[in-house]
Enquirer: 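Below are the structure tokens for one structure; questions will follow.
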Amino acid sequence: MKKSIIKGTGMFVPPNVITNHDLEKMLDTSDEWIKKRTGIEQRYWINQEGETGASDLGFEASKIALKNAGWTAQDLDFIIFATLSPDIMFPGSGCLLQAKLGLDSTPALDIRQQCTGFLYGLATADAYIKSGLAGKILLVGGEVHSSGLDKSTRGRDITVIFGDGAAAVCIEGIETDKNAGVLSSALHADGNIADALMTELPASRLPFRFPADVPLSDPRYFPVMDGPAIFKKAVRMLPRVINESLEKAQITLDKIDLIIPHQANMRINQALGQFLKLDDNKIFHNIQKYGNTTAASIPLALHEAIEQERIGKSGDVVLLTGLGAGLTWGSVIYKFL
Ligand code: ACO
């Protein structure tokens, strides 16, 4: 049977570093508060001049992933793009990326699952490969948050955590008897609490999606979040979904070499480690440098973990997990061939 094998990864962040001290000048916050409550020290935002969309960041990350895989764009037979901040309302960033790669008929699919977009994308890629629908897939997570944040004190809980960035993974269906590739995936969603983390406007459900009587400064045009509720949900649901994916893969936690959680808050990931009784070196953190890059966060961390040789040798097992808007949460276990 074909297994879904990672052949190359890549990442890209825009050059503009925004430190916590830079944010202190924009809104009422402090480096101390941000570091203590989230672990974040800096994030990257696109330059405000010119136009840079999620597909532009994804394109840069994809070029690196393709090079590392030894592929050209022409080798691809499927593209999956995970983002909550598509370049434009439609068409999706996957199509825009496909054109930037110089392609004109390769299928491209957008996934709108926020922080778990990469996990949903990886499970989808695995299903496409195992069913024979695709053989060489480019899976990208990319976000441009900075152009849509409320940079006043009103939006400080969210604005200080989000960063821009993209990461890409080349996945190939390879015939092997070895127990390798995507070993299991467990995905969930609960739309009943969608309003705990959302951007409400523009809304196609309204007679006019940009209501004329609502000024563009209205909070509904910006992401809003019930941070403490999401935090509690993450600490409760992530251990459960991790156990579900372990059971599906028929392996135990001690066989996992590294857990790469979505980088939403260092405290969530530390609490996860304590709950699972794991040493902190078994959990990957890079939120300090990038903040929460949402759909890009897990593949960006995966790329860095491979570059740092924390993971990637034949037989290494990595567990990817996260919870975010939707709400959605999930866990995928991957074993290197
Ligand atoms: N700077 C200074 N003070 C702040 C800031 C800030 N940036 N943001 C909030 N505060 C204040 C609040 O106003 C509040 O003040 P008060 O006590 O006077 O009312 C105080 O700090 C505490 O606020 P909380 O919201 O309770 O702070 P908390 O410790 O929960 O941290 C945070 C907030 C960082 C947002 C946290 O709740 C969190 O990380 N939640 C989970 C986020 C998450 O996982 N999201 C999902 C992924 S993102 C996605 O899917 C798109």
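Here, residue 1 is the first one in the sequence, and each next residue gets the next number. Just follow the structure's listing: the first ligand is 1, and inside any ligand the first atom is 1.
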Enquirer: Give me the residue, atom name and distance of the protein heavy atom closest to atom 12 (C) of ligand 1.
Expert: Arg156 NH2, 3.9 Å
Enquirer: Are Ile230 and Ile158 in one and the same hydrophobic cluster, where Ile, Leu, Val, Met, Phe, Trp and Tyr link if side-chain heavy atoms are under 4.5 Å apart?
Expert: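 Linked, Ile230 and Ile158 end up in one cluster.
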Enquirer: List every atom of ligand 1 that sits less than 4.0 Å from any heavy atom of Val160, numbering the atoms from 1 in the order shown and giving each element.
Expert: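 Within the 4.0 Å cut-off of Val160, ligand 1 contributes 7 (N).
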Enquirer: Tell me which one of Glu143, His145, Arg37, Glu24 gets a heavy atom nearest to atom 27 (O) of ligand 1.
Expert: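 Looking at heavy atoms only, Arg37 sits closest to atom 27 (O) of ligand 1.
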Enquirer: Would you mind listing which atoms of ligand 1 come within a distance below 4.0 Å of any non-hydrogen atom of Asp157?
Expert: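 Those qualifying, in numeric order: 8 (N).
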Enquirer: Give a yes or no on whether the backbone of Ile287 and the side-chain of Gln263 come within a donor-acceptor separation of less than 3.5 Å.
Expert: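 Answer holds: yes.
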Enquirer: Just wondering, more than 12 heavy atoms not from Lys2 lying within 6.0 Å of its NZ?
Expert: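 Open: at most 12 neighbouring heavy atoms sit under 6.0 Å from NZ of Lys2.
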Enquirer: Please give me the minimum heavy-atom distance between Val332 and Ser185, naming the atom from each residue.
Expert: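 Distance-wise, the nearest heavy atoms are CG2-CB, 3.8 Å.
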Enquirer: Tell me which part of Trp329 gets within contact of ligand 1: side chain, backbone, both or neither, using heavy atoms under 4.0 Å.
Expert: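 Neither; no heavy atom under 4.0 Å.
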Enquirer: More than 12 non-hydrogen atoms from neighbouring residues, nucleotides or ligands closer than 6.0 Å to CG on Asp177, yes or no?
Expert: no
Enquirer: Counting heavy atoms only, which part of Thr38 comes closer than 4.0 Å to ligand 1: side chain, backbone, both or neither?
Expert: side chain
Enquirer: Below 4.0 Å from any atom of ligand 1, is there a heavy atom belonging to Thr116?
Expert: no
Enquirer: Does ligand 1 have a heavy atom under 4.0 Å from the side chain of Leu197, from its backbone, from both, or from neither?
Expert: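 The answer is the side chain.
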Enquirer: Quick check on atom 16 (P) of ligand 1 - does any protein heavy atom sit closer than 4.0 Å to it?
Expert: no
Enquirer: Return the closest protein heavy atom for atom 1 (N) of ligand 1 as residue, atom name and distance.
Expert: Thr29 OG1, 2.6 Å
Enquirer: Who's the nearest protein heavy-atom neighbour of atom 33 (C) of ligand 1, and how far?
Expert: Trp33 CH2, 3.9 Å
Enquirer: Kindly check if the number of other-residue, nucleotide or ligand heavy atoms within 6.0 Å of NZ (Lys151) is above 12?
Expert: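 Yes, enclosed.
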Enquirer: Under 4.0 Å from any heavy atom of His262, which atoms of ligand 1 are there?
Expert: 47 (C)
Enquirer: Work out which heavy atom in Ile171 is nearest to a heavy atom in Trp71; give both atom names and the distance.
Expert: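 Looking at all heavy atoms of both residues, the closest pair is O-CH2, 3.5 Å.
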Enquirer: Identify which of Asn20, Ile230, Thr153 has a heavy atom lying nearest to atom 45 (N) of ligand 1.
Expert: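 Going through Asn20, Ile230, Thr153 one by one, Ile230 has the nearest heavy atom to atom 45 (N) of ligand 1.
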Enquirer: Kindly indicate whether atom 51 (C) of ligand 1 is approached by any protein heavy atom to under 4.0 angstrom.
Expert: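 It does; a protein heavy atom is within 4.0 Å.
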Enquirer: I'd like the name of whichever of Gly155, Cys115, Ala196, Gly227 reaches closest to atom 40 (N) of ligand 1 through any heavy atom.
Expert: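 Answer by nearest heavy atom: Gly227.
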Enquirer: Side chains of Thr124 and Asp126: do they bring a donor and an acceptor to under 3.5 Å?
Expert: no
Enquirer: So, taking the atom named CG in Leu337 and the one named CD in Glu172, what distance separates them when rounded to the nearest 0.5 Å?
Expert: 10.5 Å
Enquirer: Please work out which of Met225, Met266, Lys232, Gln263 has its closest non-hydrogen atom nearest to atom 42 (C) of ligand 1.
Expert: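 Closest candidate by heavy-atom distance is Met225.
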Enquirer: Quick check: do Ile306 and Ile311 have side-chain heavy atoms less than 4.5 Å from each other?
Expert: yes
Enquirer: Counting heavy atoms only, which of Ile161, Leu27, Asn265, Ile34 comes nearest to atom 38 (C) of ligand 1?
Expert: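 Comparing heavy atoms across Ile161, Leu27, Asn265, Ile34, the nearest one to atom 38 (C) of ligand 1 lies in Asn265.
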Enquirer: For Leu216 and Phe222, work out which heavy atoms get closest and say how close.
Expert: O-CE1, 3.8 Å
Enquirer: Can you list the ligand 1 atoms lying under 4.0 Å from a non-hydrogen atom of Asn292?
Expert: 47 (C), 48 (S)
Enquirer: For the residue pair Tyr334 and Phe336, is the inter-centroid distance of their aromatic rings smaller than 6.0 Å?
Expert: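 They qualify: ring centres under 6.0 Å apart.
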Enquirer: Against heavy atoms of Leu84, which atoms of ligand 1 measure under 4.0 Å?
Expert: 51 (C)
Enquirer: What atoms of ligand 1 come closer than 4.0 angstrom to any heavy atom of Ile268?
Expert: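 Per the distance check, 41 (C), 44 (O).
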Enquirer: Regarding atom 30 (O) of ligand 1: of the candidates Ala325, Pro223, Ser85, Pro228, which has the closest heavy atom?
Expert: Pro228
Enquirer: Minimum heavy-atom separation for Thr83 and Ala54, please, with both atom names.
Expert: OG1-CB, 4.0 Å
